[in-house]
Q: 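Mind having a look at this structure? Questions to follow.
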Amino acid sequence: MNMRLDFEPLYPHHDLLIEIGRVEMAMEHLDERAEDERRALRPRLELRMHRLRDALEHLPA
C-alpha cells in the first residue's frame, strides 16, 4: 500500500498566503513611519498585495 502524500501542489498556495500576511503586517505598521516613507511605501505595498492576490486566484484548484 502506497501512502505517499504529495504536498508539493500546496506549497505555492501556502507561500502566497504567508507573503500576503507579511505585506498586510507591513501595511499595518505604516503609521509608525515618517510621512515621506509612508508615501513611498504605500503604493509599493498595495501593488505587491494586488499581485499576490491575483497570483493566488490563478493557482490551479
Q: If the condition is side-chain contact (heavy atoms from CB on, under 4.5 Å), which residues does Glu32 pass it with, not counting sequence neighbours?
A: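 Expected list: His29.
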Q: Can you tell me how far the CG atom of Leu16 sits from the CG atom of Asp54, to the nearest 0.5 Å?
A: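 Spacing of CG (Leu16) from CG (Asp54) equals 10.5 Å.
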Q: Test Leu52 against Leu17 for side-chain contact (heavy atoms from CB on, under 4.5 Å), laying out the working first.
A: CA-CA 8 Å; Leu52 289 167; Leu17 291 177; over 6 Å; no
Q: Check salt bridge (Lys or Arg N to Asp or Glu O under 4.0 Å) between Glu35 and all other residues, then give those that pass, not counting sequence neighbours.
A: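 Glu35 satisfies salt bridge (Lys or Arg N to Asp or Glu O under 4.0 Å) with Arg38 only.
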Q: Check whether Leu30 and Met49 end up in the same hydrophobic cluster, where Ile, Leu, Val, Met, Phe, Trp and Tyr are linked by side-chain heavy atoms less than 4.5 Å apart.
A: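 In one cluster with Leu30: Met49, yes.
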Q: To the nearest 0.5 angstrom, please state how far the CZ atom of Arg33 sits from the CG atom of Leu41.
A: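 Rounded to the nearest 0.5 Å, the CZ-CG separation comes to 5.5 Å.
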Q: First locate atom CG of Leu45, then atom CD of Glu24, and finally report the distance between them rounded to the nearest 0.5 Å.
A: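 Result: 11.0 Å between the selected atoms.
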Q: Name all pairs fulfilling the salt bridge (charged side-chain N to carboxylate O under 4.0 Å, His left out) condition that reach into residues 41-52, sequence neighbours left out, sorted by first residue then second.
A: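 Output for this query lists Glu19-Arg48.
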